[in-house]
Structures are given as C-alpha cells and as structure tokens.
Amino acid sequence: IKPNERVLIKPNLLTVALPEEGITTHPEVARAVIRVIKPVTRNIFCGDSPSVWGEKRDVERVYDATGLKKVCQEEGATLVYFTTAKMVKGYPLTDWLEKCDKLISIPKFKTHGFTILTAGVKNLFGLVVGMYKMKVHRDHPRPEELSKALVDIYEIRKPDLTILDGIVAMEGQGPGSGGVLRPMELIAAAGDAVSLDMILSLIMGLLPDDIATNREAIRRGLIQEDVKAIDLLGEK
C-alpha cells in the first residue's frame, strides 16, 4: 500500500450476529488490520454485502450487531455500503472496487454446508451487490457450478491481500448458527487467496481438491495442483 492510497477492507459479515457467535469476522481483527494500514494511509473504507434483504437499513443492523460500525468509528475508517453495482462479466459487483486502489479481504474460517469451506475465495461473493447473490445461487444449484461462479468473481478482482480470522473457527453445519465453534488461535495471510484455501483444507484434514473452488482454480491454471509448491512462512 502506497501513501494515501484508498484501501477497501472486506470482512465476512454474513448476517446479523454478535462477534462472540463466531459467524462473522471479529471486529477486533478488522481493528488490527486498520491499525496496521493507518500509518501509511488514512483513506480506509470497510464494507460488505451481507445475506440480508439488501436495504441499507438491513445492512446497518449487520454493521451494528457485528461490531464493525463501532470499530470504524473508533479507528477513523469509513463504513461504506455496496448499493451501486457495475456489471463486470455478468456479475454486478460493487463500484467501490473502482473507487479504491487496494482490496484487503478478511474472511472468517468456517465450514459451509454447500461449498465445504468458506474462506479466501468464498468471501469475495460479498462483492456482489444486494440480492443478486440469491440469483447466482439459484442459477448455480450444484456445488461445482457455484464454485465456477466464485472463481469467476475471484478472477475479476483478486484481493491484494487476504487475512484470515481463524482465532475462533466454525465446523459442522456452518456457515451460520448451525455450526459449532472451534478455538483455533489461527491468523493466516496470503497474497493469493487460493493458496490460503488449499492450506486451510489441509488444516481441516481434507485434501485441497476436496474443495470445489480449489479444483476449479487448478483446472483454470490459477495455481499448481501440488500443495508443496506453496511457500509457507511462520508456524508449522
């Protein structure tokens, strides 16, 4: 990030949920990311398009409950709403992608009843504006089909950095209230979101190609199939 660049932070704010429910990116993780960026630029924006009815007042309830609004107010970041879309390759994506120079994604480490894993790639689904997400689900009724759409969006706008909130993860029937919280004490970051997802699949006790988005990314040549080709830094 260069001085005074405009940075968009995109957490996972699935629905109206309190931080301790483990359904959404914890606001303290968002705060930590904002504090790392502030010495370089004060042009920091935070937003998401949650799975609510798309009205601004509904999104406001999500921002309030999840604690993101409070953190942005305290840290001097600007809370934004994904209300205006620009159609890109068939997907109405938030115009904030054009308004900002850098995109930092902060997904939550969770299982997902449909895609198995929701993390680096799946978090970008929130760049789709409003209720069009329901149409994408309806038009792609099988995991393989939806995963192709998710990788489409990933290719349109790859995050400049992905920082995973895995301090308290979710397993079982995620990604919502049906899941079971699992303390992991994990923070993981990657310049490539697919690399992150492939490593997370190993942490889950799965193979990378058990995750449909990983398979699709490999098929498109976005990443090597051999997970050993991924450089790992930090703890084992």
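Just the heavy atoms: all of them, side chains too, but no hydrogens, waters or symmetry mates, feed the values below.
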When you check the gap from the basic side-chain N to the acidic O, do [X] and [Y] get nearer than 4.0 Å?
X: Asp209; Y: Arg215; result: no
X: Lys148; Y: Glu216; result: no
X: Arg220; Y: Glu155; result: yes

Within-4.5 Å side-chain heavy-atom neighbours: [X] and [Y]:
X: Ser147; Y: Thr213; value: yes
X: Val194; Y: Asn214; value: yes
X: Leu164; Y: Leu200; value: yes
X: Leu186; Y: Ile203; value: yes
X: Pro50; Y: Val62; value: yes

Between [X] (side chain) and [Y] (backbone), is there a donor-acceptor pair under 3.5 Å?
X: Asn43; Y: Asn4; result: yes
X: Asp231; Y: Leu233; result: no
X: Asp160; Y: Leu103; result: yes
X: Asp139; Y: Val136; result: no
X: Thr41; Y: Glu5; result: yes
X: Arg182; Y: Met170; result: no
X: Lys10; Y: Asn123; result: yes
X: Thr24; Y: Asn12; result: no
X: Ser105; Y: Pro159; result: no
X: Asp101; Y: Arg6; result: yes

ask   = Do the side-chain N and O atoms of Lys133 and Ser49 include a donor-acceptor pair separated by under 3.5 angstrom?
value = yes

More than 12 non-hydrogen atoms from neighbouring residues, nucleotides or ligands closer than 6.0 Å to [atom1] on [X], yes or no?
X: Glu28; atom1: CD; value: yes
X: Lys86; atom1: NZ; value: no
X: Lys70; atom1: NZ; value: no
X: Arg31; atom1: CZ; value: yes

Side chain to side chain contact (heavy atoms under 4.5 Å, CB included) assessment of Val227 paired with Ser195 = CA-CA 8 Å; Val227 74; Ser195 296; over 6 Å; no

query = Which residues pass the side chain to side chain contact (heavy atoms under 4.5 Å, CB included) test with Tyr81, sequence neighbours left out?
reply = Lys56, Val59, Glu60, Tyr63, Leu79, Thr83

message = Using ring centroids (six-membered ring only for Trp), state whether Phe125 and His137 fall under 6.0 Å.
response = yes

